[in-house]
Structure formats: structure tokens, C-alpha cells
4 protein chains.
Amino acid sequence: MSTQARRGNTRQRIQDVALELFSEQGYDKTSLREIAEKLEVTKAALYYHFKTKEDIVISLFQDLGRPIDELIVWAEGQPRTLETKKELIRRYSESLRSAEPLFRFMQENQAAVRDLSIGESFKSRMLTLFGLLKEPDAELTDQVRCITALFSMHAGMFSMQNLEGDPEEKRKAILEVATELVTAANPPHRRPARPDSAQTVSP
Amino acid sequence: MSTQARRGNTRQRIQDVALELFSEQGYDKTSLREIAEKLEVTKAALYYHFKTKEDIVISLFQDLGRPIDELIVWAEGQPRTLETKKELIRRYSESLRSAEPLFRFMQENQAAVRDLSIGESFKSRMLTLFGLLKEPDAELTDQVRCITALFSMHAGMFSMQNLEGDPEEKRKAILEVATELVTAANPPHRRPARPDSAQTVSP
Amino acid sequence: MSTQARRGNTRQRIQDVALELFSEQGYDKTSLREIAEKLEVTKAALYYHFKTKEDIVISLFQDLGRPIDELIVWAEGQPRTLETKKELIRRYSESLRSAEPLFRFMQENQAAVRDLSIGESFKSRMLTLFGLLKEPDAELTDQVRCITALFSMHAGMFSMQNLEGDPEEKRKAILEVATELVTAANPPHRRPARPDSAQTVSP
Amino acid sequence: MSTQARRGNTRQRIQDVALELFSEQGYDKTSLREIAEKLEVTKAALYYHFKTKEDIVISLFQDLGRPIDELIVWAEGQPRTLETKKELIRRYSESLRSAEPLFRFMQENQAAVRDLSIGESFKSRMLTLFGLLKEPDAELTDQVRCITALFSMHAGMFSMQNLEGDPEEKRKAILEVATELVTAANPPHRRPARPDSAQTVSP
DNA sequence: GATGAATGAGGCTTCATTCAT
DNA sequence: GATGAATGAAGCCTCATTCAT
């Protein structure tokens, strides 16, 4: 790529390389020097585009996290039926496909990300999704089902790298299991007879 | 603790503090200086007891990972029935209880741990457990179920910190869901037609 | 100030902001980035108006130091009487009033200014003033008096910020003391009557 | 000096070189690299002895500022007579002789020192001295006299470098003028005869 | 069983400055 | 009259590690 051709998209290129390295080697292990070298620019050039190393992560998250935000907005406008939840899970799975490296990065660098300003924001998004999946007064096991559904989708993608099979098929399998979990967490009958309390499992 | 009383168990104390800090702040963010300061010894003292920083992690894993190894040995000596698998899951859950900080550390510092010599060894233990849970020729969805069961137990502990409820109850809820997943992954019927597998539970 | 109204006087505005920041935070601690940001222009814009950072200081000194130069020219054209010297001090005090931030800057950043080309020029101006205040063959103590008079006027302004009282009154008080010092350093009768101490003002 | 012989006094040597460079070139212009190079150690060695660059300054001030503190303690235990004040000034002059580079540094780097934690502590010491020199209800001019006395002793030392004459003689001359100023600021007769102006020396 | 002193490598960040547009 | 993009040098600081005592 010529010097000429690189103009104007350096910011984007920094994000790409940074995400690649962050997700491959970890946040702490990836130095700005390394990113700069891979891009054949100086470290100072990075600082022209981003105020700090953390800022790069923030920008990644803002760009790639947008689909998730939109998904949340969508879900909040829907009736809280099981159908909606299944569709939510399905769409989420889809979103993760394109944002995979970002989620891998988040998943594998939790400790490092924790004190980046973004940690909280990420966590709160997860909690919102969780809130959308579970019944308001769900039992503990059902809550666990929902959280597990969510996390299996994140972790799944990489912790299953060793499994044979093509990625798209794996994604579908994960989605299937996650859907089962959410379905199990949202029993259809049990609700008419339960004005607001739980636990009664009647035959 | 008096200076007197501290004699002779410095090694242990280093491990304790290191694990605490590693799991709280992350591996990369925790410096030997910090560990030494918290112990009120010098950095050099750490080097008397451990050859490198990585060595501390290795020692932690050797000590706290032993129960898992024993569990594996036990499981390998059992018939590969669903009952065994359920018991395996149950015992695993129990082991995690005491080794929680270590697993939290592993979970949240995957990127950092990846190029520590221990990374592989940890991963291989997970794969062994996975192999013990799943049917040899299990379908993809069933494999996902088993992996999810395993990971929900790791992640569960910390990603569910925000949930209300006492830790022991949560652990039980997680175990319940994990057991369900494993059960679902090991369907009882489907087996008559499969001559080459073991597991046949009923005629 | 509208974008429209800012046209054409950017140079001036740079000087204003630069002086303000230099005198508030120090020369080294004030970056061109900071100046540019406060002006809402880019750093490159500063370079359109000034060749270097040092150039900004030089320009400040040329503009604000002119009154001092004029004062020197005036004094050199007067008879070297005590009256002239007192008037010189008085006018100097007046000049300092408007050039206060510049002098504060010079006073508090001596080390930083020393290797700016301007350092020497400032120092030589001070020496010229000193030469105009003291008798050609003044004793050491009288020389000290003159220098002290000069410096008390510079330092005075800021080192007395903590004192209560309004600025104008303080300036007058400082001028009064400085005048005394100059007067004491310029005995009317060619000092036959002064064995070694001072104070005696009239026979 | 052999490697052997340098042991144990590195801390001291750092302080010496640092003070020398700080006072010669200014605080901001002196890098730790420079100090380290001059000492033929690595930068990291400096950090073994001092936590930060600022810490070096603090240590200098603690060591060299002690005489001033002792002087203050002494003065506070004396009757507040003119004699005491003159003796205070005399002793102060003496102290400055040994701490000259430190004071030069403080004087010429006011801007840089201002936001070092020590700035305040220095300033407050000056204010205490000022309080000890002036009468509690002194007029503004008398206050100016006292401050000028103090500052002439600081500034004097270096701003008079250009003057011919040996340093010790200059110091004495400065002390003489400072003493005069303090004397003038402490009129013996409780000022019944001084409605608001000064100058009148005899009844 | 531990310390004191030091090192080499490298981290993030900031700065003054340049130049094509 | 000014900007956008970039650079090279340098700053402060921290880290894991070593070794003589």
C-alpha cells in the first residue's frame, strides 16, 4: 500500500491492527511500539489518532459494540415473550459473528479490561441483556440458565477452537444450546397461576 | 503474625498473596514488588523461593490443581456411565469451591496465561475432562453442551457475583444446570443402534 | 468573540494566551498544544505566526519590553542626579504595572529563560538600569542597595501576593522602599561624613 | 572512584549531582538520564534510591532546609526584640551560604517548583520568617522592608554574580543592607511620631 | 533465609517541529 | 491564514531479574 493510499484511513488501520494484536496476544502483552511497527508508522502517529492506549480499546468498543446496543434497543421495544427472547439470542449470535475478535479480547482479558473505563460499560450491557432474557422473578436456576446461555455464546467461539467442524456449524450448535437454555428458563405454563411469587411447580 | 511465627512458611505466604493479587488485579498488573511489599519482604526474597514470576504461578497450579488431577484419575477408573459423569460434575463443582481464586485467575487472564508454560497443561486438563463427559462420537450440539457445562462452572462463580443469593446456593444452582446439560448430552435411548460405544445403560 | 471577529488578530491572541500560560504555569510546563487548544486553533497555526516556541517569547519581550527601552533612552539623556534616579525608579514602577505578567514570567522562569536567546538581552537591560542607578565608583553596599531596589520591584509584585491590601497600594509601598534604597545609595555630599554606616540623611 | 568505593554513598552522590544540575540548568531541563550518566549508573538505579524525580528535590530540601527550620525554632524561643531580628537575619545569611545552590535552584525555578509538593512548604517557611521579622501590626511599607530584606538575601547571591568582589564580601554587604531594612522596619519608639509616612529619622 | 544495590529492556506518553494541501 | 497528519527525540517510570554479602 503506497504512502498515498494510506492517507485518511490510518485511524481505521490502527484499530484493525490493534484489535488483531490485542485479541491474539492480550492487551498487556501488546505494546504500542508493536502496533506502530506493524503499521510502519511511529508511535507518535498513534497518539495523533488516539489519546491513550486505553482510548484505542474504547474506540473499538464503540464501533463494534454498536450492533449490541441496537439489539438492546430493539429488544426493549418488543413484547417480553419467549419468541422475542429466542429471536434476541439468535440476533445476538449473529452480532457476535462479526464482532468476534472484540469479544474474544473481552473474554480473555477480563482482568486487564476491568480497570479500563470500558469494563463497567461492557458489564452493564451484559446485565441488560441478562435482564431481557430472564423473567423478572425467575428462580436462581433459571437465572443461571440465562447467564450460561449468554456466556456460552461468548466463550464458545474460542474455547471450541479445538473442536473439529466448520465455524458456522459450531455457531449454530452453540445457538441451539443457548436457545434451549433460554427456553428452559422461560417455562410457558407456570405463569397464569403465578401472580408474582415463584417456586410452585404444579403437575 | 510475629516475625518469629513467619519463619519457615514464607513460601506458602508468597503463594497466598500472589494468588490473591493475581486473581484480584490480573497477572500482568501484579508486580513482584507489590507482592513483596504486601509481605514486607524484599523482591529478592521472592527469588530465593521461586526462580521466576512464572514459577509462582506454576507452583500455585501444582498445589491447587492436584484435586483436579485426582478427580481425573478417579473418573478414568470408573465406568463411563451417565451416573459417573454426573458424579464427576458434582465433584468438580466441589473442587472448584476451594480452588476458586485459582480458577478465577485462569478464567480472567487467559491471554496472559496463554504463553506461560502452564497454559497448555491447563487446557489439556480441560480437554481430558471434556473427553470424559462427552460420548466419543457425540454430535456437535452435545459437545457444546458438555463444554458449556464445564465453562459455566468456571465462569459462573464470578460472572454471577452480581446476582443476589448466597454463594453456596448459587453453586448448587450452577451445578444443577450443568448436570442438566451433561444429562441432555448423554441421551439414554439412542444407544442400542451404536455397537461401538460403551455407555449402554439399559437393554 | 465570533469567528469573524477573530480574523486578523490571531497573532495577538497567541501572544496573550501564551503570556498568560507562561506566567501562570511556567515556560517548560506550557506546551504549544495547550496554547493552541485554548485558542481553538491547531498547533500548526501557531507555526504560521511564529517560527518557534522561543520566538513567541521573543515577540512578547519585544512588545512589552519596549517601554523599558524607552525608559533607558530617556534616562540616558538626563543628568545623573538623584532626582533623575528617583524619577527613573518611579517610571520603572509604572512600566512594571502594565508588563507585570511578563516580569513575573521572567522572574519565575529564570532557569528556563537562561538559554533562550532573550535571557542575555534581559539581563543586559537590567545591568544598564543598574548602571544608571548607581554612582560609577559606588561602594559594594551601595551597589547592593541599587540592585535590591530593582529586584524588589520585580519580585515584589508576586512575592507579596499573600499580603493583604490592594495592589496599587502595595505598588506604592514598594516604590517607596525602593526610592529609599536608591536615595541611601546616592549620598549627596560625596560621603566624607559616612565612615561606614548609613541612615543619616541630613546633617 | 572504584565500584567498591562507591557503595553505600550512591544516594548522597545522586543528591549532589542532582542539585548541581538542577541549579545550573533548571529543574525541567535536567533529565534523570543526564543525572544517571554523570554518575555512571543507570536511570533505574536512581529509582532504587528515589521514587520519583520530585522525590529527589524533596530529599534535598529536607536535608538542606533543616538549618532553616532550626533557625525558626531558635527565633521562636527568643524575645521579639530588634536585637533578635538582627541576629536572625545574620544567622539566616550564614545558613544560606551553605545552602546556596538549593536556594538558587528555588529562586530560579519558582514556576517549576510551584507544583512540586515542596513549593508550599518552602513558601510557608518564608512566611514564618517574615512573621518573625515584622511587627504584628506593621504598616505596609515596613512589611515591604522585611520581605525585601529576605529576598535580597536569596536573590542577592546569584543576581550579583556579575558584580566584582569576592563572594564573602558580597554576602556581608547584602547582610548589611538587609539589616538596615529590618532595622528601619522596626522603629524603636513604637511610632507615636509616625502618623503614616516614614523617612523622618530624628525626633 | 534473605537483603541491598543495581541493571537492561521496555512501557506509555509528550513535545516541538515539519510539510503538503 | 490555517489544518491534518506525521515524525524523531526524549521524558519519566516500572518491571523482572541478578548477585554479592
Side-chain angles (χ1 to χ4, degrees), chain A residues 3-4 6-11 14 28-36 39-56, chain B residues 3 6-11 14 28-36 39-56, chain C residues 3 6-11 28-36 39-56, chain D residues 3-4 6-11 28-36 39-56:
Chain A
T3 302
Q4 193 67 358
R6 263 153 52 180
R7 271 269 198 59
N9 64 339
T10 303
R11 197 189 140 93
I14 293 171
D28 287 307
K29 282 271 187 329
T30 302
S31 67
L32 295 186
R33 179 182 53 64
E34 210 172 347
I35 296 175
L39 286 168
E40 293 180 287
V41 292
T42 52
K43 271 180 289 169
L46 304 187
Y47 278 91
Y48 176 75
H49 293 283
F50 297 96
K51 260 201 330 269
T52 65
K53 187 183 181 185
E54 176 168 359
D55 238 55
I56 300 182
Chain B
T3 303
R6 261 151 55 177
R7 273 253 215 71
N9 64 342
T10 302
R11 197 189 138 92
I14 293 172
D28 289 306
K29 281 269 187 339
T30 302
S31 67
L32 295 187
R33 177 180 56 62
E34 210 172 347
I35 296 174
L39 286 167
E40 294 181 283
V41 294
T42 51
K43 268 182 293 174
L46 305 186
Y47 278 90
Y48 177 80
H49 292 283
F50 298 95
K51 238 179 23 241
T52 66
K53 187 183 180 185
E54 177 168 357
D55 242 52
I56 300 180
Chain C
T3 304
R6 262 150 55 176
R7 273 252 214 71
N9 64 341
T10 303
R11 197 189 139 93
D28 288 306
K29 282 268 187 336
T30 302
S31 67
L32 295 186
R33 176 181 55 64
E34 211 172 347
I35 296 174
L39 286 167
E40 294 180 285
V41 293
T42 50
K43 270 183 291 174
L46 304 187
Y47 278 90
Y48 177 79
H49 292 282
F50 298 95
K51 238 179 21 240
T52 67
K53 187 182 181 186
E54 177 168 359
D55 241 53
I56 300 180
Chain D
T3 302
Q4 193 66 356
R6 263 152 52 177
R7 272 270 197 59
N9 65 339
T10 303
R11 198 190 138 93
D28 288 306
K29 283 270 188 330
T30 303
S31 68
L32 294 187
R33 179 181 53 65
E34 210 172 348
I35 296 176
L39 285 168
E40 293 181 285
V41 291
T42 51
K43 270 179 291 169
L46 304 187
Y47 279 92
Y48 175 75
H49 293 283
F50 298 95
K51 261 204 326 271
T52 65
K53 187 182 181 186
E54 176 168 359
D55 238 54
I56 300 181

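Note on naming: letters A, B, ... go to the chains in the order of the sequence lines (proteins, then strands), and numbering restarts at 1 for each one.
Here the nucleotide nearest the side chain of C:Thr42, chosen from F:dT7, F:dA16, F:dA2, is F:dA2. Among the nucleotides E:dG4, F:dA16, E:dT13, the one closest to any side-chain atom of A:Lys43 is E:dT13. Side-chain proximity of A:Thr10 to F:dA6, E:dG11, F:dC12: nearest is F:dA6.
Judged by closest nucleotide on DNA chain F, D:Ser31 is the one of B:Leu32 and D:Ser31 placed further toward the 5' end. Along DNA chain E, the nucleotide nearest to A:Lys29 and the one nearest to A:Ala44 differ in position, and the one closer to the 5' end is contacted by A:Lys29. Annotation: of the two residues near DNA chain E, D:Ala45 and A:Asp28, the 5′-most nearest-nucleotide partner is D:Ala45.
The nearest whole Å value for the distance from the OH atom in A:Tyr47 to the C1' atom in F:dG11 is 13 Å. Regarding B:Lys51, its NZ atom lies at a distance of 19 Å from the C1' atom of E:dA2, rounded to whole Å. When rounded to the nearest whole Å, the span between NE2 of C:His49 and P of E:dT18 equals 16 Å. Atom CG in B:Asn9 sits roughly 9 Å away from atom P in E:dA2 (whole-Å rounding). Between D:Glu40 atom CD and E:dA5 atom C1' the separation is 17 Å, expressed in whole Å. Taking atom CD1 on A:Ile56 and atom P on E:dG11, their separation rounds to 14 Å, with Å as the unit. The distance between atom CG of A:Leu46 and atom P of E:dC15, rounded to the nearest whole Å, is 17 Å. Note: CD1 (C:Ile35) to P (E:dT17) measures 11 Å, nearest angstrom.
Between the C:Lys29 side chain and the D:Asp28 main chain, no donor and acceptor come within less than 3.5 Å of each other.
Proximity of A:Tyr48 to the phosphate of F:dA5: a side-chain N or O atom is located under 4.0 Å from OP1 or OP2. Within the structure, a side-chain polar atom (N or O) of D:Arg33 is placed less than 4.0 Å from OP1 or OP2 of F:dG11.
Base pairing of F:dA20 is made with E:dT3, judged by Watson-Crick or G-U wobble geometry with both donor-acceptor distances under 3.5 Å. The partner of F:dA9 is E:dT14, by the rule that a Watson-Crick or G-U pair needs both atom distances under 3.5 Å.
Side-chain contact check for B:Val41 versus B:Ile14: every heavy-atom pair is 4.5 Å or farther apart. Inter-residue side-chain proximity for A:Tyr48 and A:Thr10 is flagged as unmet; no heavy-atom pair is nearer than 4.5 Å. Contact of the B:Leu32 side chain with the B:Ile56 side chain is registered, since non-hydrogen atoms from C-beta on lie closer than 4.5 Å.
Smallest separation of non-hydrogen atoms from D:Phe50 and D:Asp55: CD2-O, 4.0 Å.
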